[in-house]
Chemist: 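Below are the structure tokens for one structure; questions will follow.
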Amino acid sequence: MTSEGQPFRVGVLGHGTVGAAFQELLEERAGAIAAEVGLRPEISGVLTRSKGDFAEILEGSDLVVELMGGIEPAREYALATLASGRHFVTANKQLVSRHGEELFAAASDAGVQLRFEAAVAGVVPAIRVIGETLAAAHIERVHGIVNGTTNFILTAMQRTGVSYEDALREAQELGYAEADPTEDVTGKDAAAKMAILARLAFGTPVHVDDVPHEGIEEVTAEDIAYARELGLSLKLIGSAERIDGGLSVQVYPAFLYAGHPLAAVNGSYNAVTIESPAITEITLSGPGAGGSQTASAVLGDVISAMIPPPFTPSPAEHLPLVTDRESAFYMHVEVADDPGVLAQVAEILGMQGVSIESVVQRGIGSDARLAMVMHPVLESKFRAAVDLIGRLDFVRSPPRVIRVIAETFE
Ligand SMILES: NC(=O)c1ccc[n+]([C@@H]2O[C@H](COP(=O)([O-])OP(=O)(O)OC[C@H]3O[C@@H](n4cnc5c(N)ncnc54)[C@H](OP(=O)(O)O)[C@@H]3O)[C@@H](O)[C@H]2O)c1
């Protein structure tokens with residue numbers, strides 16, 4: 001037998017959208033991989049809820065791929081695989097964002113690889129680039145559009161002016177959103193992915209529950225229309241950045257100016273922008289989900305695991321997590337159409353040290369409203385001003401607030 005014929009046995013846990021596509025892709029590419037790597041990958045067993053036995057699959061495999069989702073039994077199978085001295089590849093963001101430290105330690109103890117490229121941004125190679133290509137760079141900030149469902153909805157709202165509800169319905173009809181879209185539209189899914197990216201980029205353990213997240217359910221077609229007049233487009237942004245010796249990790253809807261690399265990422269695409277003084281910025285973008293796309297990222301991890309040396313994230317640092325940080329903001333206020341209204345709003349903002357960058361004033365009588373963009377200011381100061389503005393007699397409903405990312409790279 002030639003070395004190209006020697007098998008590399010891959011056990012597959014889960015055979016749904018991604019698992020089935022992974023098996024198909026591996027079988028299609030096995031010959032080409034064998035020619036390059038010198039080992040021929042083959043499926044040694046498949047586990048679903050109705051077939052297969054984990055212990056048997058583990059025994060007959062050199063590497064286990066987990067494509068089931070959920071925490072248990074995925075965590076138990078991951079730990080058993082790593083403890084047995086076998087590599088483990090997963091697409092499971094919940095598992096890695098909740099139990100990453102336990103899994104990294106188990107992989108390191110056993111001297112085997114734990115890979116999870118497909119857990120964040122599908123086929124976009126953010127994990128590999130942050131963990132390997134940029135291992136020597138001092139990363140200052142990672143910004144991501146890491147949820148394709150919300151990006152599809154926001155893009156539809158911006159292109160056609162439809163309401164959030166109509167855009168969500170369209171996303172569901174086209175299969176971009178689940179029947180229950182809660183995880184996506186509340187920002188929870190993106191928070192899990194940002195916890196993983198932050199751990200890799202900054203070497204600090206970040207649990208998904210430590211990531212404050214806001215979703216897109218409150219966004220109105222009106223906000224988007226006003227913002228367009230101000231040259232802004234709306235994205236659900238995951239952000240992880242060094243601030244004052246600490247680390248801020250958050251998910252929130254934010255307006256971007258056209259020059260920002262993430263402003264042009266539309267539809268269900270994902271993208272990650274990495275900023276470091278040594279490299280300025282790198283933006284990676286591509287499909288964030290889909291069976292064959294995700295399977296491609298998983299197979300890439302399998303091939304990497306077939307070729308030593310092992311990859312494990314650097315030992316943990318412990319940067320303190322920061323929650324109050326500077327940002328520019330958009331604010332929309334419905335007001336009575338009285339003289340001096342803008343002056344009073346401006347005075348309150350000024351008292352809190354918030355300066356106005358631009359204002360759009362529209363409507364008359366009971367339809368009067370202000371849309372404003374502020375220069376960057378500490379969030380706590382801006383929220384204090386918004387609270388005071390919301391109590392003014394002439395303000396007809398609570399002000400709506402969305403962050404604005406002011407930087408561009410041109
Ligand atoms: N779909 C995507 O585009 C995408 C993108 C990126 C990452 N991911 C991640 O990839 C993973 C799989 O997603 P998917 O969309 O392929 O899911 P899916 O279509 O629901 O398939 C899940 C598979 O896992 C099996 N399974 C679930 N619980 C099990 C258990 N306790 N024991 C044994 N088998 C079990 C199911 O078995 P049955 O067949 O018996 O039900 C099914 O075959 C998830 O972690 C997901 O977050 C998916």
Side-chain angles (χ1 to χ4, degrees), residues 10-26 43-58 61 64-81 88-100 103 114-128 144-152 171-172 174-184 188-197 208 238 267-272 284-302:
V10 179
V12 183
L13 314 180
H15 206 249
T17 307
V18 183
F22 172 73
Q23 175 165 11
E24 192 177 321
L25 185 65
L26 183 144
I43 303 291
S44 51
V46 172
L47 181 76
T48 68
R49 275 181 271 240
S50 56
K51 69 170 188 190
D53 175 75
F54 172 70
E56 261 174 41
I57 292 172
L58 179 63
S61 302
V64 171
V65 170
E66 185 271 309
L67 301 169
M68 304 186 302
I71 302 294
E72 295 294 356
R75 173 178 159 275
E76 178 197 331
Y77 294 165
L79 291 171
T81 302
F88 186 77
V89 172
T90 180
N92 188 333
K93 63 200 161 258
Q94 291 302 341
L95 178 67
V96 181
S97 65
R98 291 189 178 279
H99 298 283
L103 300 179
L114 164 66
R115 286 193 167 262
F116 44 91
E117 183 68 69
V120 179
V123 76
V124 180
I127 300 290
R128 188 177 302 263
I145 295 175
V146 291
N147 182 275
T149 305
T150 45
N151 207 41
F152 180 91
Q172 286 169 323
L174 294 173
Y176 290 115
E178 307 270 338
D180 176 3
T182 312
E183 289 271 315
D184 294 319
K188 207 170 168 196
D189 171 271
K193 293 165 176 170
M194 290 313 298
I196 297 172
L197 287 182
V208 57
S268 65
Y269 265 44
N270 281 198
V272 176
L284 305 156
S285 75
S292 62
Q293 291 87 346
T294 309
S296 168
V298 174
L299 184 56
D301 274 354
V302 170

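Starting from 1, each residue takes its place in the sequence as its number. Order of appearance sets the numbers: ligands from 1, and atoms from 1 within every ligand. Below, all heavy atoms of this structure are taken into account, side chains as well, without hydrogens, waters or symmetry copies.
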Chemist: Would you mind listing which atoms of ligand 1 come within a distance below 4.0 Å of any non-hydrogen atom of A118?
Modeler: 6 (C), 7 (C)
Chemist: With atoms numbered from 1 as shown, which atoms in ligand 1 lie under 4.0 angstrom from a non-hydrogen atom of N92?
Modeler: 45 (O)
Chemist: For E66, is at least one N or O under 3.5 Å away from an N or O on ligand 1?
Modeler: no
Chemist: What are the atoms of ligand 1, with element, lying closer than 4.0 Å to any heavy atom of G69?
Modeler: 44 (C), 45 (O)
Chemist: Does ligand 1 have any atom sitting under 4.0 Å from a heavy atom of G122?
Modeler: no
Chemist: For A192, does its backbone N or O pair with a side-chain atom of K93 as donor and acceptor, under 3.5 Å?
Modeler: no
Chemist: Any idea which part of K93 is under 4.0 Å from ligand 1, heavy-atom wise: side chain, backbone, both or neither?
Modeler: side chain
Chemist: Under a 3.5 Å distance rule, please check whether E66 uses its side chain to pair with a backbone N or O of A91 as donor and acceptor.
Modeler: no
Chemist: Any donor-acceptor pair under 3.5 Å linking the side chain of E117 with the backbone of I127?
Modeler: yes
Chemist: Can you list the ligand 1 atoms lying under 4.0 Å from a non-hydrogen atom of P73?
Modeler: 31 (N)
Chemist: By number and element, which atoms of ligand 1 are closer than 4.0 Å to a non-hydrogen atom of H15?
Modeler: 23 (C), 42 (C), 43 (O)
Chemist: Can any side-chain N or O of Q172 pair as donor or acceptor with the backbone N or O of A179 at less than 3.5 Å?
Modeler: yes
Chemist: Is there a donor-acceptor pair under 3.5 Å between the side chain of Q94 and the backbone N or O of R98?
Modeler: no
Chemist: Do you see a protein non-hydrogen atom under 4.0 Å from atom 34 (N) of ligand 1?
Modeler: yes
Chemist: Check this for me - ligand 1, G288, N or O atoms closer than 3.5 angstrom, yes or no?
Modeler: no
Chemist: Looking only at atom types and distance, does a side-chain atom of S44 sit under 3.5 Å from a main-chain N or O of V10, one as donor and one as acceptor?
Modeler: yes
Chemist: Any N or O on A289 sitting closer than 3.5 Å to an N or O of ligand 1?
Modeler: no
Chemist: Does the N151 side chain pair with the main chain of S268, one donor and one acceptor, at a distance under 3.5 Å?
Modeler: no
Chemist: As a test of the contact definition, would atom 3 (O) of ligand 1 count as having a protein heavy-atom neighbour under 4.0 Å?
Modeler: yes
Chemist: Determine whether the side chain, the backbone, both or neither of T294 has a heavy atom under 4.0 Å from any heavy atom of ligand 1.
Modeler: side chain
Chemist: Quick one: closest heavy-atom pair of F88 and A74, and the distance?
Modeler: CZ-O, 4.4 Å
Chemist: Taking distance alone, with no angle check, do G14 and ligand 1 share an N/O pair under 3.5 Å?
Modeler: no
Chemist: So, does T81 use its side chain to make a donor-acceptor pair with the main chain of Y77 at under 3.5 Å?
Modeler: yes
